[in-house]
Amino acid sequence: MFFDTHCHLDTPPFDADRDAVLARAHAAGVTRCLNPSYDLASSRRAAVLSALRDDVWAAVGIHPNNIDHLNKYCLCEIEQLSQQPRVVAIGEIGLDYHWNTFPRQQQIDGFVRQLQLAQRLHLPVIIHCRDAYDDTLDILSEFKIENEKLKIGDTSNSQFSILLHSFAGNSQQAELALERGYYLGIGGPVTYPKNESLREIVRDMPLDRLLLETDAPYLSPQKYRGKRNEPSYLPLIAERIAQIRGISVAELGAATTQNACRLMGLVVSDA
Ligand SMILES: [Zn+2]
């Protein structure tokens, strides 16, 4: 029923109870998860997890806050990992001008190299962006990420397989991204009392570009704020979005799951 398009299941906070976390997710109707990566070790772990479980897919890549890891050997291993059948995207990659762990130019260079890889491999990309939407959208405008698996009868804009995860830009940036056919990942922040501007974007955006995510173990929805987040909390996010848009949770679940499968080139019945 639900697809959590961004949860870091491979990370240490889930080492003690990963199977129980996924069992609770299933019980809550969250039957599919995409595990993105942030460095080479997490890329390896995500790839292994996706190979072991038929409800988890993986994205591999180097997060801007770890971009010093990126060299040609690392890029080569990312490419190798991406050849595994259940590794379906490159990510999370992008720019983080909030933490500025590394100089902007270094972040941009690493981002571009991974976008070039995704473009060459025809893999969708999961974008991390914090306080850097203008530069991110500028850089992305030079890339056309074609997902070859999508030739299966899909139509408008499907060639732009780009997901802006945990979207936190303003309405103009959202408009530009949507015009280009990007997907926006929406998670816990949509439930935060002060986040009226995000709720307006979520209310007005086309349903076929909306993806659900928890970003577990981070960004818990309001009810669990400050605690570890997990995929079974995704319905809390879905309920809020369904309410904002005036549709049923079931309709939202079906549409967003279909969107996630389209982005990743999965046949809906895969899971
Ligand atoms: Zn993340």
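Hydrogens, waters and symmetry mates play no part in the numbers below; they use all other heavy atoms, side chains included. Indexing begins at 1, ligand by ligand and atom by atom, following the structure's order. No experiment lies behind these values; they were computed from the predicted model shown.
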His6 near the Zn ion (ligand 1): N/O/S under 2.8 Å:
yes
Asp215 OD1 and His8 NE2 subtending at the Zn ion (ligand 1) (10° steps):
90°
Donor + acceptor pair across side chains of Gln173, Asp134 (<3.5 Å):
yes
Do we see a donor-acceptor contact under 3.5 Å between the side chains of Asp39 and Ser42?
yes
Residue pair Leu123 / Val88: nearest heavy atoms and the distance that separates them:
CD2-O, 3.7 Å
Shortest-distance N, O or S atom of Glu92 relative to the Zn ion (ligand 1)
OE2
Ring centroid separation for Tyr133 and Phe167, is it under 6.0 angstrom?
yes
